[in-house]
Q: 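One structure, pasted below without further comment.
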Amino acid sequence: MGSNSSRIGDLPKNEYLKKLSGTESISENDPFWNQLLSFSFPAPTKGHINLCVENNPRTGNLGALIKVFLSRTKELKLSAECQNHIFIWQTHNALFIICCLLKVFICQMSEEELQLHFTYEEKSPGNYSSDSEDLLEELLCCLMQLITDIPLLDITYEISVEAISTMVVFLSCQLFHKEVLRQSISHKYLMRGPCLPYTSKLVKTLLYNFIRQEKPPPPGAHVFPQQSDGGGLLYGLASGVATGLWTVFTLGGVGSKAAASPELSSPLANQSLLLLLVLANLTDASDAPNPYRQAIMSFKNTQDSSPFPSSIPHAFQINFNSLYTALCEQQTSDQATLLLYTLLHQNSNIRTYMLARTDMENLVLPILEILYHVEERNSHHVYMALIILLILTEDDGFNRSIHEVILKNITWYSERVLTEISLGSLLILVVIRTIQYNMTRTRDKYLHTNCLAALANMSAQFRSLHQYAAQRIISLFSLLSKKHNKVLEQATQSLRGSLSSNDVPLPDYAQDLNVIEEVIRMMLEIINSCLTNSLHHNPNLVYALLYKRDLFEQFRTHPSFQDIMQNIDLVISFFSSRLLQAGAELSVERVLEIIKQGVVALPKDRLKKFPELKFKYVEEEQPEEFFIPYVWSLVYNSAVGLYWNPQDIQLFTMDSD
């Protein structure tokens with residue numbers, strides 16, 4: 001086909017594509033396949049694909065093409081070693097056509113109907129054997145072998161990406177169902193039978209692909225021949241770069257805003273990560289747990305020489321240092337943040353390793369930057385970043401160590417120039433900013449709760465708070481206090497109105513008041529926890545309290561806050577008295593000096609002890625209802641999503657935002 005069909009304009013009249021999609025059955029041994037697979041155009045046209053779907057039940061040509069591909073993959077490893085560019089190129093083309101056809105088949109029919117297309121048997125001599133076989137399962141196993149066994153070279157890069165993309169497409173039936181699939185033919189293939197032994201090897205390979213971030217080969221080293229007019233089979237689905245032929249649709253339904261897609265430096269790493277997340281979030285079978293999730297939950301560090309318990313299947317080892325470095329460097333994408341969450345939440349080996357690192361700022365700073373730029377991120381990405389912080393703050397060692405890490409010149413923090421600040425104080429600033437953004441914009445109670453839980457977990461370990469962080473804690477309380485007074489006034493007016501008119505339905509201000517009072521109490525508990533456990537470490541917080549002491553006056557006698565106000569009231573009274581004795585017109589430096597002296601003089605037994613504030617992240621009862629649509633939205637917005645029609649998507653709501 002090569003030179004005869006090098007231009008896109010020639011595709012509709014191309015004889016080989018017409019024959020593939022026509023009404024004639026083609027034997028897997030026909031020389032036609034070598035001619036078809038020597039093409040150098042971006043993709044079969046929609047017309048050819050639709051004809052193939054229509055005629056395949058009679059011709060079985062898709063099955064024949066798959067058999068051609070399967071036979072070629074047996075020689076792929078040797079071809080890579082021998083640098084057989086043409087053979088690898090043709091094998092890639094076969095897989096590429098299969099992937100294009102699979103996308104349309106899966107979109108247009110049920111899995112049962114799809115299976116019939118793959119089990120067609122031609123009885124005439126020279127075509128199909130009479131033996132019953134499952135080409136779908138064989139294809140899937142072959143893809144897993146290709147991904148895990150073929151060495152990654154310049155000439156195999158594209159076919160490796162294509163194999164991963166085809167596996168994602170193979171599982172994409174979920175996109176065309178509104179409900180989460182709990183039983184599926186594709187799931188069955190992956191979770192039992194000949195595919196199952198590849199579980200740990202596949203997960204390990206995908207992780208290493210993510211770690212290595214291998215870039216595609218330079219144009220001169222590309223396996224595909226180039227044409228004089230600039231054309232060629234540098235197809236976006238394989239390389240991760242969308243050409244002018246394709247439209248990438250954005251997804252608005254799963255988040256407030258579709259994330260901008262940065263140019264992919266490593267299509268292989270990105271596609272590997274997407275497949276890994278899809279596999280990790282498959283629902284369990286009725287009689288067995290998801291083996292890919294088991295593998296992700298249990299893998300260990302290569303430096304860990306302890307034996308795996310016999311009860312842990314699909315176990316393997318990987319270099320944790322390399323994985324940690326990759327996770328730190330890649331947090332600009334939703335999928336990398338989701339992987340970090342998955343590993344921290346599900347793999348105790350990874351969590352223990354990360355919390356023991358002495359360079360946690362490399363991981364925490366990118367997460368804080370996600371939260372800081374909340375306006376530019378979709379809501380799911382923000383949630384993942386916040387839950388990661390919550391999981392980290394469950395550890396007291398983390399809460400102590402972040403105040404010992406001193407940072408210089410945080411350029412992305414624009415509200416104020418921060419020439420020097422601890423990681424702990426910066427974390428407090430960003431979380432408080434997220435709360436304030438949420439109060440004025442999204443008003444999401446779930447986000448509020450997790451932000452406050454992270455602050456509460458840290459509060460007993462607050463150390464040497466930056467003066468700006470201390471000010472922002474009290475400023476947030478001031479904002480909450482004003483909101484409380486406003487809602488209280490509205491509730492009072494509403495009550496008066498209800499006495500004069502019974503016809504007009506009134507807003508439920510009592511519920512709003514309960515919510516705001518819960519948040520205020522949480523803030524008071526956070527301040528109290530810091531004063532009770534680390535008063536001597538935080539003169540700036542005491543200073544901020546004294547500066548805004550009038551804020552707390554109204555809550556001293558409030559029945560919801562009386563108990564928690566005791567310590568705060570005691571600290572304010574004690575230090576106010578000492579400042580009064582020192583005279584008027586005191587400088588900031590003198591006030592801080594008096595506070596530091598007073599901390600030593602304040603009897604610790606006068607502060608009432610409260611239960612320690614500790615909040616643990618607990619995943620919702622049916623996490624798949626959140627994570628499966630989220631993962632598939634990421635796939636849809638990636639290079640794999642090309643060719644899917646937004647009107648066909650059922651799993652999530654398409655939106656124009």
Side-chain angles (χ1 to χ4, degrees), residues 152 157 160-161 164 203-217 239-241 259-277 280 296 299 301-303 317-347 349-374 376-378 380-389 391-392 398 401-402 405 407-413 423 426-427 430 631 634 637-639:
L152 188 61
Y157 189 95
S160 296
V161 176
I164 292 166
V203 171
K204 184 176 182 177
T205 301
L206 296 175
L207 276 172
Y208 268 126
N209 286 347
F210 168 71
I211 289 168
R212 289 169 180 145
Q213 294 290 317
E214 293 279 359
K215 293 178 171 56
S239 68
V241 181
S261 299
E263 188 175 338
L264 296 174
S265 60
S266 176
L268 179 67
N270 189 59
Q271 303 300 78
S272 295
L273 180 50
L274 289 172
L275 177 56
L276 185 65
L277 292 171
I296 287 168
F299 70 84
N301 196 351
T302 47
Q303 295 180 348
Q317 291 179 289
I318 205 165
N319 187 308
F320 277 15
N321 182 58
S322 300
L323 179 57
Y324 179 80
T325 302
L327 286 166
C328 292
E329 291 173 350
Q330 300 299 321
Q331 285 307 307
T332 52
S333 73
D334 280 70
Q335 46 265 45
T337 305
L338 182 51
L339 176 64
L340 175 58
Y341 158 79
T342 303
L343 295 176
L344 270 176
H345 178 53
Q346 297 185 1
N347 190 313
N349 301 320
I350 279 280
R351 186 166 59 252
T352 302
Y353 173 84
M354 287 187 177
L355 289 168
R357 295 281 303 205
T358 56
D359 60 347
M360 276 298 287
E361 67 273 18
N362 292 336
L363 186 68
V364 175
L365 281 172
I367 298 300
L368 294 183
E369 201 168 347
I370 293 168
L371 292 175
Y372 186 79
H373 296 295
V374 59
E376 301 166 19
R377 304 290 180 180
N378 70 66
H380 284 16
H381 199 182
V382 172
Y383 279 137
M384 289 298 99
L386 188 54
I387 292 169
I388 286 166
L389 287 186
I391 292 170
L392 293 173
F398 171 83
S401 66
I402 54 175
V405 178
L407 306 167
K408 307 277 188 181
N409 299 316
I410 307 301
T411 54
W412 48 262
Y413 194 95
L423 179 60
L426 182 63
L427 198 159
V430 172
V631 169
L634 300 178
N637 277 310
S638 75

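Everything numeric here is computed off the predicted structure, so don't read it as measured data.
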Q: Test of understanding: with side-chain contact (heavy atoms from CB on, under 4.5 Å), list the residues that count as partners of Gln330, not counting sequence neighbours.
A: Phe210, Gln213, Ala336
Q: For Cys328 versus Pro366, what's the shortest heavy-atom pair and its separation?
A: O-CG, 3.6 Å
Q: Check for a donor-acceptor pair, side chain of Tyr372 on one end and backbone N or O of Ile367 on the other, with a separation under 3.5 Å.
A: no
Q: If you measure from OG1 on Thr205 to CG on Leu276, what distance do you get to the nearest 0.5 Å?
A: 10.5 Å
Q: Is the backbone N or O of Val430 less than 3.5 Å from a side-chain atom of Tyr413, with the two atoms forming a donor-acceptor pair by type?
A: no
Q: In Å, rounded to the nearest 0.5 Å, how long is the span from CG of Asp334 to OG of Ser638?
A: 12.0 Å
Q: Among residues at least two apart in sequence or on other chains, which ones pass ring-ring contact (aromatic ring centres under 6.0 Å, His included) with Phe320?
A: Phe299, Tyr353
Q: Judged by atom type as modelled, is there a donor-acceptor pair below 3.5 Å linking the side chain of Asn378 to the main-chain atoms of His381?
A: yes
Q: Give a yes or no on whether the backbone of Val382 and the side-chain of Arg377 come within a donor-acceptor separation of less than 3.5 Å.
A: no
Q: Drop me the distance from Thr325's OG1 to Glu329's CD, to the nearest 0.5 angstrom.
A: 6.0 Å
Q: Look up atom OG in Ser401 and atom CG in Asp359, then write down how far apart they are to the nearest 0.5 Å.
A: 10.5 Å
Q: Does the side chain of Leu423 reach to within under 4.5 Å of the side chain of Leu365, using non-hydrogen atoms?
A: yes
Q: Donor-acceptor pair, Asn319 side chain versus Asn321 backbone, under 3.5 Å?
A: yes
Q: Which value, rounded to the nearest 0.5 Å, describes the distance between His380 atom NE2 and Leu634 atom CG?
A: 9.0 Å
Q: Side chain of Thr302, backbone of Gln317: donor and acceptor closer than 3.5 Å?
A: no
Q: Going from CD on Glu369 to CG on Leu426, what distance comes out if it is rounded to the nearest 0.5 angstrom?
A: 10.0 Å
Q: Does Thr352 reach the main-chain N or O of Asn349 with its side chain, forming a donor-acceptor pair under 3.5 Å?
A: no
Q: Might you work through the side-chain contact (heavy atoms from CB on, under 4.5 Å) test for Ile391 and His345, ending with a clear yes or no?
A: CA-CA 7 Å; Ile391 292 170; His345 178 53; 4.1 Å; yes
